[in-house]
Amino acid sequence: MIELDEVAYSYGGDALLTAMSLSLAPGSFHFLTGPSGSGKTTFLKLCYGALVPTEGQLRLFDTDIRDLNRDGIAHLRRRVGVVHQDCQFLDHLPVTENIALPLTVSGQSVAEHGGNLGELISWVGLGARAQALPPELSGGERQRVALARALIQSPDIVLADEPTGNVDWEMSQRLLRLLVELNRMGKTILIATHDLSLIRAAKAHVQARVLRISDQRLKLAGADL
Amino acid sequence: MIELDEVAYSYGGDALLTAMSLSLAPGSFHFLTGPSGSGKTTFLKLCYGALVPTEGQLRLFDTDIRDLNRDGIAHLRRRVGVVHQDCQFLDHLPVTENIALPLTVSGQSVAEHGGNLGELISWVGLGARAQALPPELSGGERQRVALARALIQSPDIVLADEPTGNVDWEMSQRLLRLLVELNRMGKTILIATHDLSLIRAAKAHVQARVLRISDQRLKLAGADL
Amino acid sequence: MKTVLALVRGVLSTDAQADRVVPPTGFTARLTLFTATAMAFLAVFAIALSLAAGQLAQNWRDALAGTATLRVQAPIAEREVQSSRALAILQQTPGVASARLISEDEQKALLAPWFGPDVPLAGLPVPQLIEVTGDSYDAAGLRLRLQAELPGAVLDDHGRWRAPFVRAAGRLRALAWASIFLIFGAMGGMITLAANAALSANVQIITVLRLVGATDAYIAQAFVRRFTLRALTGAAIGTAFGLFAIALLPRAGEQASVLTGLGFDGSDWLWPLLVPPIAGVVAFVATQYASRRVLGSLS
Amino acid sequence: MKTVLALVRGVLSTDAQADRVVPPTGFTARLTLFTATAMAFLAVFAIALSLAAGQLAQNWRDALAGTATLRVQAPIAEREVQSSRALAILQQTPGVASARLISEDEQKALLAPWFGPDVPLAGLPVPQLIEVTGDSYDAAGLRLRLQAELPGAVLDDHGRWRAPFVRAAGRLRALAWASIFLIFGAMGGMITLAANAALSANVQIITVLRLVGATDAYIAQAFVRRFTLRALTGAAIGTAFGLFAIALLPRAGEQASVLTGLGFDGSDWLWPLLVPPIAGVVAFVATQYASRRVLGSLS
Ligand SMILES: Nc1ncnc2c1ncn2[C@@H]1O[C@H](COP(=O)(O)OP(=O)(O)OP(=O)(O)O)[C@@H](O)[C@H]1O
Ligand SMILES: Nc1ncnc2c1ncn2[C@@H]1O[C@H](COP(=O)(O)OP(=O)(O)OP(=O)(O)O)[C@@H](O)[C@H]1O
Ligand SMILES: [Mg+2]
Ligand SMILES: [Mg+2]
């Protein structure tokens, strides 16, 4: 699904990430950790084409990201569900419409996914807030809306950046279960988090590998957690 | 410093918080917990005058918040350091200027606090990113900038909303130490968080009381954590 | 070209869902409406001015073409002979279109404002007047020849003093056209800036839409449609107001000066009706340009 | 009043730090500059139009005041007697300012365009003309009296035909004034909307500034100063361009129509110089109003 071959990235100055090689197999479950500012978010952005590697090759669904124009990237993104770290929404549309946005944008009928949508909203515990506008949500509610939006189109890959940073322990377990279930359905999952207890909890349910960014490189953390 | 007398709040619909009475003594250290969406952020907003109680009386520095016009609230806020949950900055100004903003706005000379500013920036581990613009920061870096901005004017009260939601364990311990130190200098601290391990760690260093919002009410969680 | 057509179709179709995705653009939208209204109003006036100036120049040019007179001053007995000599000379002169004796009645009419309708011209030693039309003849050469052959005949092309006025009216017309272009240019500029402001103010929207896989065309469409429709509406309102105001203007009649004679006659009314569609096209192009620029810069 | 003064001082002082706190307002700022330029340009033209229309109305009014003529038609022998009778009657008529015989030379000059300079008027039975000035006399009553006492005398107040033109020129002037107000109004509206758009686009800035204890005056100040300065600058540029364009316009002389005679003479030049300060005041008030509204609504 995602293959990196000696990828490096820098925001103009010094290299932030170097010599990263990795291949995410379909149906795999990965965590990504590393200290604050090490480049987790940057890595995810590379993975969904928001940033282009300064060196090396990155293939997403067997397409070199460099070969795509903006429209090509837009179409690829419909197969990737992304949870951004700073969850941004269309502040003038209610929660339901924000969650259905990936369908709207790709011209799919929202009504068709109606059942799916309602189920997803209640799973993330937002049934009561479905008609609220995003600025009226609490921090944790926003994160859950972002996760629901990433999952609505049944994407092949889910990339989530700190999806549980603002929710309490029970809720984070609930969200994790949702992701594990998706993984069992064959989706590829990559979660960036600094929350080691979340990783530990996940390992009880799923064969998850843990990647760690340190010294600008991607390393397999393995069982040493 | 902050006194609540039978305060209630609702965002128009049903009551979110009711019958809250509390008095935060100068120099006290409080944590505030509760599930996502229970009203932690709302409670903090009441405490710094961003929201006005729908019922009851709230006194900040012995002034009833209802008696103040917008300018009066602006002046009170200069004595309160706030870390917002969704850290917002002036995206066109570099980190240093954003941190110095409370000084700028109240007409104080930034140069005077120069030493203080530099020290604070390196304490939160942003020495290398001091000239970056906020949109170029990682999630954890943003939270640290927000904390530094809240502390730059040596406020009498610090209100922090999930100040460690996006940083790793070591960094969160470091930030906690900073807050504990300020508390020892006599500042009143109130931290909203869902991270119970942070609270446990704090209790080793400081006499902290834990408040909990459940069933729309404020309760003392005491030693039952 | 095909994309342009597709975009025009996009503007005209009503994809309500795509419209909802972009938030109400509030003040910039209102600004666009207001600007289009004001500019269309001014454009209608400029068009009226241009038409009036064109009419004025035409009138003056007509007047210029036929207002030279030849004055044959001669004793009553010789008047007729000398007049026909003069006519003969004029007919030989290249560039003279026509030459015609002015009748006694016409002469009386010329004098009436000063001397009343009953001046007894007959038998008076007043000169015979000949109207000369045509404006390409060599006046100086003709004068020399007349001086030699008919010393009593004086060519007075007093219409010539109007020449600078004709030029002035022509320049005024050019000025009116320039101001029409200026007005549409200013409108285009303002709408581009307003659309730019709206797009820049919605960077978050664009980021979110891109994140969930929206193409640039999808994002631009809502902005383009909105601004084009606003400009069309505003220009229609402004044109209506402008036509109304012009209809209310006093019209002082034929001889009146250019501005007191502002107004539309007959097919003139079609010109101002072009203002709204032109405004729509200008807005479409301006917003299209603005959205391409902003979306490109946010890549 | 005191706060207004304080704010004006705020606008003029250069608190660089407070300015930095508000981000470059980009397109809305450029829009303001552009709008102020275009509107000032138009305002200069409207002022010139207003001055020209005023001048025209004045000319026509002057002409109206003194252009009645009395034509005394009489046999040569009686002409002098009847003329002095007529003068006597006129001098008795209330409202007639002056009455004066038109000399033979003047009569010749009137005829010259048609009959050349050498019409032998003396001894001809052409009427004696008397120039009558004053415009408050009762023309109908005078005519009746003349008919009774001097049947050969005809009062021709042909200047009267200019009356509708004077009215038209007056209305044209009013129109020019109205358009000046319209232009400043439109400018005010556009700047208000632009400032509103800038403020609404910067809700995050306002939230942040409030969070750290900034007062509304502090927040508004940077916006107000910025927009006022932009409007001032733009209006100055537009005025300069407008004056330049008007200086380039052909001037066709005294008798020319109102628009071909556009231009500024002597102290007229002071009027357009008022445009930039007025634009500044309009922008100041508009932005002040906009920021109060937006800051109030975000309380
Ligand atoms: N647009 C940018 N321009 C320049 N530098 C940037 C930009 N975005 C991020 N950086 C820098 O790159 C580094 C890595 O950022 P990134 O957001 O990837 O970190 P992260 O691992 O996600 O951290 P966190 O856990 O705090 O979210 C940080 O030091 C950040 O300041
Ligand atoms: N402006 C608003 N209008 C209406 N409802 C709101 C508004 N702001 C918050 N709410 C609702 O009030 C409830 C409490 O919100 P609050 O942000 O205080 O929760 P919280 O305890 O901080 O949660 P979290 O831990 O997720 O940040 C939520 O259900 C939220 O949707
Ligand atoms: Mg990150
Ligand atoms: Mg909260």
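Letters go in sequence order (proteins before strands), and every chain restarts at 1. Keep in mind it's a predicted model, so treat the numbers as computed, not measured.
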Under the side chain to side chain contact (heavy atoms under 4.5 Å, CB included) criterion, do B:Gln88 and D:Ile205 qualify, and how do the steps go? CA-CA 8 Å; B:Gln88 295 192 327; D:Ile205 306 283; over 6 Å; no
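- Checking each of D:Leu211, D:Val212, D:Ile219 against B:Val105 for a side-chain contact (heavy atoms from CB on, under 4.5 Å) leaves exactly one that passes, namely D:Val212.
- Contacts of residues 75-82 of chain B with chain D at a heavy-atom distance below 4.5 Å involve B:His75, B:Arg77, B:Arg78, B:Val82, listed in sequence order.
- Contact between B:Ala74 and D:Ala214 at its shortest, heavy atoms only, is CB-O, 3.5 Å.
- Rounded to the nearest 0.5 angstrom, B:Thr104 OG1 and D:Tyr218 OH are separated by 6.0 Å.
- Annotation for B:Asp67: atom CG counts as buried by contact number, over 12 foreign heavy atoms lying within 6.0 Å.
- For the atom pair B:Phe89 CZ and D:Thr207 OG1, the distance stands at 13.0 Å (nearest 0.5 Å).
- Side-chain atoms of D:Thr215 and B:Arg70, non-hydrogen and from C-beta on, never get closer than 4.5 Å to each other.
- We find the CD1-CZ distance between B:Ile73 and D:Arg210 to be 9.5 Å, quoted to the nearest 0.5 Å.
- Within 6.0 Å of CH2 in D:Trp271 there are 12 or fewer heavy atoms belonging to other residues, nucleotides or ligands.
- Counting heavy atoms of neighbouring residues, nucleotides and ligands inside a 6.0 Å radius, atom CZ of D:Phe181 does not exceed 12 of them.
- Annotation: maximal heavy-atom pairing with chain D below 4.5 Å, among B:His84, B:Gln153, B:Arg149, B:His92, occurs at B:His92.
- Using a 4.5 Å cut-off between heavy atoms, B:Tyr48 contacts chain D through its side chain alone, with no backbone atom that close.
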